[in-house]
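For reference, the structure is listed below as structure tokens.
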Amino acid sequence: VINKILSSQLLLGDVCDISQGIVTGLDKVSRKHMKVKQNEGFKYGDGCYVISEDERKNYFSESNKHIKPWFKNSDIDMFKCNIKPSKWLIYSTREYDIHSNDEIKKHLLRFEPIIKMRNYDSGELKKAKRENKWWALSSSRVGFDFSRPKIVVPQRSYVNKFAYNEVDWYASADVYFISEKNNNKDIVKTILGILNSKLIYLWLFKMGKRKGNYLELYLTPLSNIPLISTKNETILKIVKKILKAKDRLEVKNLYESLNIETYKMYGLTNKEIQAVERFYQDNHANLGNNI
């Protein structure tokens, strides 16, 4: 089975842009900050770059385009993810002029003493330091469009858990983002189906990176997933139905149909299919039903 998957000359990294999520360097005020900087106008738990819904309503207007929806890796399930945020990100990049937005300027100036406690000697912040732009995020991934059609995946998971969205969707570095280089939605959805399949679970478990039974789903193992093709009308139709479906049993039946098509796509024999199914069941017996 592994050899048949390896027969593909196309890798996920060949057709998709893959990016790690954002590193702010200071999501919120910690106890360490409170010990070092006291009486600075902030308190433990206050949001700096990552703010609560209440903080957003209290300090920022609805029209502020630099306040972005912020999600967690736990918001990701197979195929679908939560698109209603409970947190918000102040997307303050090195390219951004803090003096152009009074709301953000006022907010970040409150935290300036502890923002400047971050390590400015490497990466994006090293450049920010040279330009005296202390307000920049540690790693903004400014080259990635977080609003484009994309797949999101937790960096570490027991299962291959890939979800689709095409909205503003920002998250921390424990989430990876996958988008087709030409923003083709149908190709993204076809790849989504393949990545969630039992066959790719076997590939990731055997040939990817693991920590115990956890799959390590970061740049290198993701980039090296072999794809026989990015076009399959049957898989695309099934994925579209899964994304619209609300009934759990319907989704489960569609998922089994998806796996059958994936086996066909990679040319597996009946014996090989049975081996993959046994492997999947044996490894998922204690994990519960993910569909």
Side-chain angles (χ1 to χ4, degrees), residues 13-14 16-30 32-34 36-37 40-42 46-51 55-56 59-60 63-73 85 87-148 150-156 168-183 216-223:
D14 297 331
C16 290
D17 296 321
I18 303 174
S19 175
Q20 190 176 23
I22 289 165
V23 179
T24 70
L26 180 56
D27 286 7
K28 61 183 181 179
V29 178
S30 69
K32 176 184 175 182
H33 296 131
M34 295 304 297
V36 176
K37 299 286 184 179
E40 293 284 358
F42 49 76
D46 280 352
C48 182
Y49 289 102
V50 177
I51 59 175
E55 287 171 321
R56 184 186 71 84
Y59 303 129
F60 301 96
S63 60
N64 197 317
K65 295 180 180 179
H66 291 277
I67 309 301
K68 304 294 186 180
W70 184 252
F71 297 90
K72 301 175 291 185
N73 60 12
K87 301 279 187 180
W88 299 82
L89 169 71
I90 297 178
Y91 194 57
S92 179
T93 67
R94 190 165 52 87
E95 290 75 12
Y96 170 68
D97 179 9
I98 193 175
H99 305 293
S100 68
N101 191 308
D102 287 342
E103 290 180 341
I104 290 180
K105 180 180 179 180
K106 183 179 179 181
H107 177 80
L108 292 182
L109 280 173
R110 284 178 57 209
F111 302 97
E112 183 180 0
I114 54 176
I115 289 175
K116 288 182 174 179
M117 288 170 58
R118 296 176 300 167
N119 180 10
Y120 281 81
D121 293 327
S122 62
E124 198 168 330
L125 283 185
K126 190 173 184 179
K127 296 177 182 178
K129 183 180 181 180
R130 287 201 301 266
E131 299 170 4
N132 196 29
K133 295 181 177 179
W134 55 268
W135 56 81
L137 295 166
S138 290
S139 296
S140 66
R141 319 297 180 195
V142 71
F144 189 89
D145 180 359
F146 290 93
S147 65
R148 68 199 289 193
K150 59 193 169 295
I151 296 167
V152 292
V153 58
Q155 180 179 330
R156 183 176 293 159
D168 264 10
W169 208 96
Y170 293 72
S172 190
D174 58 359
V175 174
Y176 274 79
F177 295 76
I178 304 166
S179 61
E180 199 269 333
K181 292 182 185 292
N182 297 311
N183 281 340
E216 299 271 282
L217 303 169
Y218 54 87
L219 182 62
T220 300
L222 290 173
S223 299

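Keep in mind it's a predicted model, so treat the numbers as computed, not measured.
In this structure Lys28 satisfies the side chain to side chain contact (heavy atoms under 4.5 Å, CB included) test with no other residue, sequence neighbours excluded.
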Practice item. List the steps, then state whether side-chain contact (heavy atoms from CB on, under 4.5 Å) holds for Asp121 with Lys129. Key: CA-CA 8 Å; Asp121 293 327; Lys129 183 180 181 180; 3.6 Å; yes
Point to revise | Candidate pair Ile67 and Ile90, rule side-chain contact (heavy atoms from CB on, under 4.5 Å), full reasoning | key: CA-CA 5 Å; Ile67 309 301; Ile90 297 178; 3.9 Å; yes
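Proximity of Phe60 to Ile104: side-chain heavy atoms (C-beta onward) are separated by under 4.5 Å at one or more points. Inter-residue side-chain proximity for Met34 and Phe42 is flagged as met; some heavy-atom pair is nearer than 4.5 Å. Counting only heavy atoms from C-beta outward, the side chains of Tyr176 and Leu219 approach each other to under 4.5 Å. With a 4.5 Å cut-off on side-chain heavy atoms, Pro69 and Phe71 count as touching. For the pair Asp145 and Lys150, the minimum side-chain heavy-atom distance is 4.5 Å or more. Side-chain contact between Pro85 and Tyr170 is absent, with no heavy-atom pair separated by less than 4.5 Å. Side chains of Phe111 and Asp46 form a contact here, defined as non-hydrogen atoms less than 4.5 Å apart. Residues Glu124 and Ser140 form a side-chain contact, since some pair of their non-hydrogen atoms from C-beta on lies under 4.5 Å apart.
Ring geometry for Tyr91 versus Phe146: interplanar angle over 60°, hence perpendicular rather than tilted (30 to 60°). Taking the six-membered ring where the residue is Trp, His107 and Tyr59 present tilted rings, their angle falling between 30° and 60°.
Across all their heavy atoms, His66 and Asn101 have their closest contact at CD2-ND2, 4.2 Å. The two residues Leu125 and Ala136 come nearest to each other via the heavy atoms CD2-O, 3.5 Å. Of all the heavy atoms in Ser19 and Phe144, the pair that sits closest is CB-CD1, 3.6 Å.
Ser138 contributes a side-chain N or O that, together with a main-chain N or O of Thr24, makes up a donor-acceptor pair within less than 3.5 Å. Here the side chain of Lys32 pairs no donor or acceptor atom with the backbone of Ser30 at under 3.5 angstrom. For Glu55 (side chain) and Gly47 (main-chain N/O), a donor-acceptor pair under 3.5 Å exists by modelled atom type. Side-chain atoms of Tyr120 come within 3.5 Å of backbone N or O of Trp134 as a donor-acceptor pair. A side-chain donor-acceptor contact under 3.5 Å links Arg141 to the backbone of Gly21. Judged by distance alone, with hydrogens and angles left aside, the side-chain atoms of Ser100 form a donor-acceptor pair with the main-chain N or O of Asp97 at under 3.5 Å. The closest donor-acceptor contact from the side chain of Glu216 to the backbone of Pro221 lies at 3.5 Å or more, if one exists at all. Not one N or O on the side chain of Gln155 forms a donor-acceptor pair closer than 3.5 Å with the backbone of Tyr218. Here the side chain of Arg118 pairs a donor or acceptor atom with the backbone of Ile115 at under 3.5 angstrom. Between the side chain of Trp135 and the backbone N or O of Tyr96, at least one donor-acceptor pair lies under 3.5 Å.
To the nearest 0.5 angstrom, Ile51 atom CD1 is 8.5 Å from Trp88 atom CH2. Separation of atoms NZ (Lys116) and CD (Glu112) is listed at 3.5 Å; rounding is to 0.5 Å. Between the CZ atom of Arg94 and the NZ atom of Lys127 there is a distance of 5.5 Å, given to the nearest 0.5 Å. To the nearest 0.5 Å, the span separating SG on Cys16 from CG on Leu222 amounts to 10.0 Å. Rounding to the nearest 0.5 angstrom, the gap separating the CD1 atom in Ile22 from the CG atom in Leu137 is 6.5 Å.
The environment of Lys68 atom NZ is dense: over 12 non-hydrogen atoms of other residues, nucleotides or ligands sit within 6.0 angstrom.
Salt bridge annotation for Asp14-Lys181: absent, with no cationic side-chain nitrogen under 4.0 angstrom from a carboxylate oxygen. Looking at Asp27 and Lys87, no side-chain N of the basic residue comes within less than 4.0 Å of a carboxylate O on the acidic one, giving no salt bridge.
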